[in-house]
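For the single chain, residues carry numbers from 1 onward in sequence order. Every value quoted in this text rests on a predicted model; they were computed, and no experiment measured them.
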Amino acid sequence: MAKTVLAVDDSASIRQMVSFTLKSAGYEVIEAVDGMDGLEKAKSRNINLVLTDQNMPRMDGLTLIKNLRASPQFSKTPILMLTTESSDVMKSQGRAAGATGWLVKPFDPQKLIEVVKKVIG
C-alpha cells in the first residue's frame, strides 16, 4: 500500500508540483490549502509524512506542527518544512516546534523524492 503524504501549502502551483512529483514516485498525496485545512485532513486519515509551508493564511506551518505534535496520533510522524524561509532562527523555531527536517523552495523534485524516501521509505 502506498505511503500517504499530506502536502500543506497556500500556493496551488507548489501543491501541484509536490503532488505530481510524489505521485510519480508512488506516494499517495493529500493536498491542504493552509494549516487549518491540513489539521482537519490529517485527523481524518492515516498520514505517513506531513510537508508544510510556513507562511500561510489562517494557520502557519509552525502552529500546524505544534498542533499535530500535541496529538498522540502525530507524535512520531515525520514533518518536513518546505518553505522559502531559510534563516537559522526560523529553522531552530521549526525544530523546537517538532519539525523533522527542512527543505527550501524552490525545490528540486529529485531531491524532494530522495528526502521523502529517506524519511518514510
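No continuous path of hydrophobic side-chain contacts links I30 to I14 [ILVMFWY only; heavy atoms under 4.5 Å]. Placement of I65 and L51 in two distinct hydrophobic clusters is found when ILVMFWY residues are connected by side-chain heavy-atom separations under 4.5 Å, directly or transitively. Each of L39 and V33 belongs to its own hydrophobic cluster when Ile, Leu, Val, Met, Phe, Trp and Tyr are linked at side-chain heavy-atom distances under 4.5 angstrom.
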For residues 105-120, dump all side-chain donor-acceptor pairs below 3.5 Å to protein atoms at least two apart in sequence or in another chain.
from	atom 1	to	atom 2	distance (Å)
K105	NZ	D9	OD2	2.8
K105	NZ	D53	OD1	3.4
D108	OD1	Q110	N	2.9

Donor-acceptor list for residues 72-82 side chains, cut-off 3.5 Å, not counting sequence neighbours:
from	atom 1	to	atom 2	distance (Å)
Q73	NE2	R45	O	3.4
S75	OG	P72	O	3.2

So L68 and V50, side chain to side chain contact (heavy atoms under 4.5 Å, CB included) or not? Walk me through it. CA-CA 10 Å; L68 289 171; V50 177; 4.0 Å; yes
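Scanning for salt bridge (charged side-chain N to carboxylate O under 4.0 Å, His left out) contacts around D10 gives an empty result, with sequence neighbours left out.
When all heavy atoms are compared, the tightest approach of A2 to G26 is CB-O, 3.4 Å. Nearest heavy-atom pair, L62 versus Q54, reported as atom, atom and distance to 0.1 Å: N-OE1, 2.9 Å. Annotation for L64 and G38: closest pair CD1-C, 4.4 Å, computed over non-hydrogen atoms. Taking every heavy atom of both residues into account, V18 and A7 meet most closely at CG1-CB, 3.9 Å. Listed here is the closest heavy atom pair of M56 and D60: CE-C, 4.0 Å. Of all non-hydrogen atoms in L49 and I47, the two that sit nearest each other are O-CG2, 3.2 Å.
A donor-acceptor pair under 3.5 Å links the side-chain atoms of T21 to the main chain of M17, judged by distance alone. With hydrogens and angles disregarded, a donor-acceptor distance shorter than 3.5 Å links the side chain of R69 to the backbone of G98. E31 places no side-chain N or O within donor-acceptor distance of the main-chain N or O of S19, the cut-off being under 3.5 Å. Between the side chain of W102 and the backbone N or O of M90, no donor-acceptor pair lies under 3.5 Å.
In this structure, CZ on R58 lies 13.0 Å from OG1 on T63, to the nearest 0.5 angstrom.
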